[in-house]
Amino acid sequence: MYIRNNIKELLPYSTARDDYKGGDISVWLDANESPYNNGVNRYPDPHQKALKGEIAQLKGVTPEQVFVGNGSDEAIDLCFRIFCEPGVDNVVAIAPTYGMYAVAAAINNVAVREVPLEAETYALNVPAMLAAADANTRLMWVCSPNNPTGNAFSLQQLEALADNFGGVLVVDEAYIDFSSQPSMLTVLSKHPNVVVLQTLSKAWGMAGLRLGLAFASPMIADIFARVKYPYNVNAPTQAEVAKRLHAEPHDAHVSEVCSQRQWLATELAKMSCVLKVYHSDANFLLVKVTDADAIYDHLVANGIIVRNRNRVKGCEGCLRITVGTPAENVNVIDALKRSVGEILG
Ligand SMILES: *Cc1c(COP(=O)(O)O)cnc(C)c1O
């Protein structure tokens, strides 16, 4: 596994609180903070110790395997900054997939080699992924369950990539809580070259707090910790997340979304404007329709916004519909029923 030399040699920024080695301190004059207590006048813990402990316990890993960041986007960007030499190295990614990998690659001046998923089934082609890599391929990006196709890949396929690729395999599991496939976390300790991304933005209902998770070997997690901004997760987020990890009706919401996904898929499949509902292991459905642009506009006119994926290569004619509350899902179906007359004439 290749790590950039400047990163290997990096001397991380040492915060005021890194110098403090414990003791019964009641007067904090080391960080040039305001002394007036308003709830947020102190810097947050740069190492997010309490939060990482909670997350490690929840996920069945050690705190040394955990990175927390300002959304998954931070972890995605860090992967490029740590492992890829700008203008020299490249990465391999499935296509279609989440747009942020290509954006982070472009910002870091790293080329992306796209390997299309199989037409119509969106199956992962492991030999094609491995064949796309050369000596300068540092990362392989696989989103599972994949956005926007919705399907998850088997652990066997993902482990075959990890075992046969010399760089780092990044598995983005933003939607894993909705999936019937097991998480890559269950085999993480067997694979020192795997980074698993998860997030609190989807199943956990905390998109507004901005907390992304990465899990990896202690060695990789330590490099992430040294390269990140010192105070990358703010104090209210650290406190609020720790509280909500226990207070939220997480399991009930996830199981309702999964049963609503089934209901929505069944209702959609009955409609004449729907050509195909793809299998989903996520909290959204990719749906091929007769006229994606017209149906998108019709839904907007009815106060409903979905994602138009008509211009994404491999998703032509498709809308991506997030599973909402039962009432919202009924709204979508009712609006589509009204559209049949208008759009199909
Ligand atoms: C929504 C999503 C994320 C989450 O991003 P955050 O920055 O954590 O909100 C990550 N990956 C994929 C594929 C997503 O769809």
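Just follow the structure's listing: the first ligand is 1, and inside any ligand the first atom is 1.
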Problem - Cys143 near ligand 1 by a heavy-atom separation under 4.0 Å - result: yes
Exercise for the section: For Met100 and ligand 1, answer yes if some heavy atom of the residue is under 4.0 Å from a ligand atom, otherwise no. Expected result: no
Enumerate the atoms of ligand 1 whose separation from the nearest heavy atom of [X] is less than 4.0 angstrom.
X      : result
Lys202 : 1 (C), 2 (C), 3 (C), 4 (C), 14 (C), 15 (O)
Arg210 : 6 (P), 7 (O), 9 (O)
Ala174 : 2 (C), 3 (C), 10 (C), 11 (N), 12 (C), 14 (C)
Asp73  : 7 (O)

Practice task
Run the salt-bridge test on Asp222 and Arg226 with the 4.0 Å N-O cut-off and return the result as yes or no.
Solution key: yes
Problem - Ion pair check, Glu33 and Arg17, cut-off under 4.0 Å - result: yes
Exercise for the section: Identify whether NZ of Lys or CZ of Arg in Arg320 sits under 6.0 Å from the centre of the six-membered ring of Phe284 and within 45° of that ring's axis. Expected result: yes
Problem - Heavy atom of the protein closest to atom 11 (N) of ligand 1 (residue, atom name, distance) - result: Asp172 OD2, 2.7 Å
Exercise for the section: Just need the protein heavy atom nearest to atom 15 (O) of ligand 1, so name the residue and atom and give the distance. Expected result: Tyr175 OH, 2.6 Å
Is there a donor-acceptor contact under 3.5 Å linking the side chains of [X] and [Y]?
X      : Y      : value
Asp281 : Ser180 : yes
Tyr229 : Glu74  : no
Tyr2   : Asn136 : no

Practice task
Identify which one of Tyr122, Phe153, Tyr98 satisfies the side chain to side chain contact (heavy atoms under 4.5 Å, CB included) criterion when paired with Asn146.
Solution key: Phe153
Handout entry: Backbone or side-chain N or O of Ser201 under 3.5 Å from ligand 1 N or O
Key = yes
